[in-house]
Every structure is written in C-alpha cells, then in structure tokens.
Amino acid sequence: MQTEDRLIRTEYSEIMQKSYIDYAMSVIIARALPDVRDGLKPVQRRTLYDMYELGIRYDRPYRKCARIVGDTMGKYHPHGDSSIYEALVVMAQEFKRGLPLVDGHGNFGSIEGDGAAAMRYTEARLEKVTQEAYLADLDKDVVNFVPNFDETDKEPQVLPVKVPNLLINGAEGIAVGMATSIPPHNFGEVIDGVIAYLKNPDINTEQMMEYIKGPDFPTGGIVTNQDELQNIYSTGAGKIKIRGKVDVENAKGGKDRLVISEIPYTMIGANIGKFLNDVFALVETKKTADIVDISNQSSKEGIRIVLELRRGADVENLCNLLYKKTKLEDTFGVNMLSVANGRPETMGLVPMIRHHVEFQYELATRKYNTLLAKEKEKKEIQEGLIRACDVIDLIIEILRGSKNIKEAKSCLISGDTGNIRFRSERSKKQAEKLNFTERQATAILEMRLYRLIGLEIEALRKEHEETIKKLALYEDILSNRDSMKKVIIKELRAFKKEYARPRRTRIDNIAEAVYVEKKIEERDVTVLIDRFGYARTMDVALYERNKEAADSESREIFHCKNTDRICIFTNRGQLHMLKVLDLPYGKFRDKGQPIDNVSNYDSSQEQCVYLAPLSAVIQRMLLFGTASGMVKQVSGKEFDVSKRTTAATKLSDGDEVVFIKELSLEAEQETVVMQSEKGMFLRIEAGSIPEKKKMAIGVRGIRLAEQDRLTHMYLLGDEEEMIEADYEPAKVVLNRLRVGSRDTKGVKR
C-alpha cells in the first residue's frame, strides 16, 4: 500500500529560530554553565560521578586518567575526550581552584601555562573532601537519577554537594550569547556566610560581606577596589581590580630588587611569559632605565619573579609603571551567571547562597526520609527477633513440624497450623496466636543460631534502643525545621574545621597607580643613516669633528631635537613614524640600529621615498608625484599624527609614489620637471600644482602615453647653473627646458 506524502508548509525563518534556540539552550544548560546547586558543569559532574562509580576513592590507589576519561565518555559524556580530560586536569590544579576536587598524580601542568601530560601518562583519584562533601549521600536517594545519553545507564541530575562549590571554586564558561565568570572564595568564609544565612534568612549583602570579605584567589594578590565589591555582589556583575604582591629586597652594592611573590589570577598561564616580555619591552623602548635585569625564579614552592634595579632607582614610580603598563595589575570581570530551576540567571551573593541552602534542606529531607524508612524497617525486624527469642522453643517446634518453608512462614505470620505437626496441643494453640509481619517472619527464618546466645540477645535489645533513639531523632529533624538547620550547621562546621585554610588574597582600597614619566632633557642631535638602513644619533659637536667620515659613510644626515620624530614615506603611500629616542645614541663608531627594527617600516616589502624629521616636515609643503603622473601639494601639518603607521596619500590601483620633496616658502619661484620611462619631459611651474588633502589622489601632472609611467621628478629653483638628467643616449639639461602647462604630454628627448 502506497502512502501519500504530506507537505508541511511553514516559514523558513521560524524553523531556523526554533532550531537555533534549541541549540543555544542545549549549550547553555547541558554544557557551558554550572548548576547553582552543586556548582558543577555537566562534564565535571559526570567525571566525578564516574570516578565514584569506579571506586577511585581518596584512600585507594590512583587510576590512569585515560581509563577515567574513556569510561566517562562511553557512559555519560559523548562530547570528545579532550573536553573531559581538560575538566579533570583543571579540577586537580591548585593554582586554578580554591578547593581541588581531584588528586592528580603526574604532570598536571603548571601555573606558567605548561600543559598537562597526555592522559595515558597521568593518574588521578578523588580528594577526601570530594568524597565527603560532594558524593557522600548518593546511596540515600537524595538526588534524582536520569537516563544517560543512550538510556543504558543512570546518572545523577545533580550531585549532593554539601558546600557552596559555585562560590568556593568559582566558574568560567562561554555559552551562546552569554558567559559566566565567578571568582573563587575562601572555604571557611563561605561556610560562615552559609551559617549566617541559615540563622538569618533576611540577611542582606552588606551583612553577608562581614563573613565573605571578597574573592580569595589561589594565586593570592591584592584586590584594590574593596568599596566596589558590595555593588558587585548585589548585582552579580562588575569588575574586580587585582594586582600582584611586590616586595623590595636589598641587594649588593646598595641596589634594590623588586620581587613579585604573588600574581593576579588573570596572569595564570601564558600571561606570565607576556608579563616578562612586557617588562623587557619597557626597557627596550626606554620607558624606564631603572631595570637592569629580570629573571623568573619560580618553582614548586611558589612564584618568584625578580627585577634587578640600578642604584638610586625610583621604586615607587617603577611599581606604578608596572601596574599601568603590564598585567601586574589587571581586571577580573565578574558575571555570576548559573543555571537555577532549569534556566540561566545572574544572581548576587545572597540569592546564590539562598539557592544553596534550599538545596541543602531538600537533600536533608530526602536523606532523613530514607534513613527513617530504613530505621523503621530495622525496628520492625528487631522487634520481631526479640519477640521470637521469647518463644524460640515454639518456633523451633514449628520449623521441625513443617514440611517446607512456606508452611512455617504462613504459621509465623497468620497462625496457620493446618499442615504442621506439634508435640502437644498446647504448642499448637500457642502457634495459632502468632502474628509476625512478613518482614519479621523472613528475618526469623534467616536468623542464625548464634543469635540465641545471651549476650547476642542483650546486644539486640541495645541495638533496638539505639534504633528507637534514631527514629525519634529523624522524626524530629523531619518535622522541625530548626532541628534540620542545626544538623546542617553542625555538618558545615565539621567541614570548615577540617578543610578551611587562611585567606590568600588581601582585600583593600588602594588608589589607582599614577606613573609620572620623567621629563627627557631636550638637546640637539645629528641623525645618521647608512646605505644599509642602520640609524644612530650623536651629539652635534661630535658630528662636526667627524664630518668628513660621516658624510662619506651615510646616505641620510640631518639635525633635529632628540624629542623629535622621523617621518618615513614609502612608495606604497604609507607614513611610518620613528622616535629619535628609539635610536641608539653614543660614540661615532658605535653600531646603529636597523630602522626596520624600531619602526613598522619593512624594507623587504616597500621602499623609502622620502625621510625627514617631523619638525621640518610640518613647516613646509610637500610635493607628491606618482607613477601614473598624479601630483599634488600637501601641507606638512597633516602628517603630525600620533600613530606609528598611517596612510600618507591615496593611490589608485597599481599606482605607487615615486617622488616626495619639500617645497620652499616661495614655491611659485620653483619649477618641476617630470620624466617618463619612454623619455617624455615636461617642465611646469610648482605653483600650478594645487594643494590637496593627504587622502586625495591629486591632479594629473603629465599626460602619459599607454604603457608609459613617471619615473623621475626634479624640483628646480632659479639657479643659473646647468642641471642635467641621466637619459640615454644623451644628457638632458633640465633648466633649459621650456616651461609648459600641467596635464600636457611634454617633449620627447
């Protein structure tokens, strides 16, 4: 039988919208964001639960991480082994987590950004605190279990975590359209905060911060904006400013050294190397001359970065420079976003603790209901056994007179004596009065003979008394919220006593670092650039004494102030700025520095067309000429820019700059000669070339034939001596050329 196809007509945008929302929510809930109850992302939760299931406890041998990762991926988290192993590694790193949850054995990376060894080399097991505070009551029906991805197994929807892990360890995650960033906090302080909330549910953020002072990063450091923390913890969002701890030590020869013993949390990993490079760059660019050496002496004992200083260094100003220009002072963006009641929510400190406390009440209720049911079952059995001991002779007679266990059990439960042989009628009448429960009868039939020993019977009675006490306790806890609260507080205090440690991060109000740049003593210098592009500066008097040698060895020589900048105009229409202070200053025979190394100019990719100090450029007009014959005048003031690289002119596709020259103040007395590749010459008055903005293409100076291009331009004054241009087969005397009009073909030579 052939079925008809049914076409469902719908708006394509609606399908896309629904599909994207479904995908986004899947990423948000099932992968990227932690649950406010246990503070864990799904991958972390599944990894810990798998280790629990595999029996990799804190008091048992380590197991290969590859086994843990493979088992987790195969049973609970089918999203690739790298994400599972990365989560496992982070949970074992003390420098990333305030409370490590995994005890790693082997190379689990370093604070300086070294990655962990491959999972086949490393081993792990659960930490004691993880077992006691995160996984302890899984056997007491305290959380719901849901089918795994292929419905072949069960996994907990949330772990029964008894401490606010989301605050203790913090969280980082990027979802679709949202991200979470929660700093870690001190274990003891957070426990105190939870206890304070249990005692006073109306507590506000200000009161809560008497217990939880602020974040406590595992790397230590100093939080410098204490006054802003209350607003951050009220709204759940803001910026925490943190800086490293710097100590001053005395070295030999009356010198000082700066020792960085604690770093900002954000500097973990590759940023330590970046910090060292940034400090080196400050020295290279002459932002400071106080640092003579830097070394990273960090080890397993902790961070130790040493900066050796010159004698008489201004330590306070140098520290402020490091705070301003490096990662030694940084910002930690706070966005306390987590999944609450199945939806992402940004919440402050108190709401986050409220959710945790509600979860604790839920866990305690389910735990003690389970325990109560077990104790009731135990009480029932104990009462049956005690009663059975009083009539043990009758029970033995019933057992000996029964043909099978079914008859004996029926007699114990309902007094059915029909098929049982008794020694006397009296025993039969006593048996008819028996009314044990199903559970009691089963326990009696399974009872071993040694339980009939007098001491064992006495122990059974004491055990029954303990059960009665436990029942009363559990019923009181379940019926009285204050009693449940006391139990939760007692457990929290026990965790604090065993696992709390002193605060590492100092909380303070510190004024923003102010760096006062030392004024440079301004002086006249001579800049020399040789034919290989090596540049250097020297005192003007030193140049004058070596003028002949300097002139013969250098292709560019000019005088300027040491505070000036050098303009490098290239054939690609770019302007690169170079500070004179960046060039080496010293003796005549000292080696220079390639201008490629101290500027953005790259001699392998572009050619320098014109080079001059900015102080000279801004006082004149610059004449531009391009290969396509376009010309213009531009005011030098337009090139006084702060950028290291900027566009000097606009070019058409395939065009390039071939000529840039300063015009004198009397530009109308000057003439310009343009020479093309095919031997066309045109002489025009400089004043006929209009002034344009630097980003204008310009106007046509010479009308070129097809396949021809402008190769040379000459700027002539009113001098009388003959000026010749190199052009085969003969020399061309430029100042004898007739002055023509702009935008004409010129004459052939």
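A cation-pi contact links Arg481 to Tyr361, judged by a cut-off of 6.0 Å to the six-membered ring centre and 45° from its axis. In this structure, Arg354 forms no cation-pi arrangement with Phe359, as its terminal cationic atom is not both closer than 6.0 Å to the ring centre and no more than 45° off the ring axis.
To the nearest 0.5 Å, atoms CD1 (Ile56) and CZ (Arg60) are separated by 10.0 Å.
Checking each of Asn186, Thr505, Ile222 against Phe217 for a side chain to side chain contact (heavy atoms under 4.5 Å, CB included) leaves exactly one that passes, namely Thr505.
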Review point. Between Tyr49 and Tyr76, does a ring pair (Phe, Tyr, Trp, His ring centres under 6.0 Å) hold up when you go through it step by step?
Key: CA-CA 9 Å; Tyr49 177 67; Tyr76 307 117; 5.6 Å; yes
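Residues Pro215 and Phe332 fail the side-chain proximity criterion, which asks for heavy atoms closer than 4.5 Å. By the 4.5 Å heavy-atom criterion applied to side chains, Lys162 and Leu492 are not counted as neighbours.
Residues Gln44 and Ala87 approach most closely at CG-CB, 4.4 Å, considering heavy atoms. Taking both residues in full, the closest heavy atoms of Asp38 and Leu159 are given as OD2-N, 3.1 Å, listed atom of the first, atom of the second, then distance. Nearest heavy-atom pair across Leu48 and Leu135 is O-CD1, 4.0 Å.
Aromatic ring centres of Tyr233 and His185 lie closer together than 6.0 Å. Proximity of the aromatic rings of Phe495 and Phe187 is defined here by a centroid distance below 6.0 angstrom, and this criterion is not met.
Counting non-hydrogen atoms of neighbouring residues, nucleotides and ligands closer than 6.0 angstrom, the CD atom of Gln207 exceeds 12 such neighbours.
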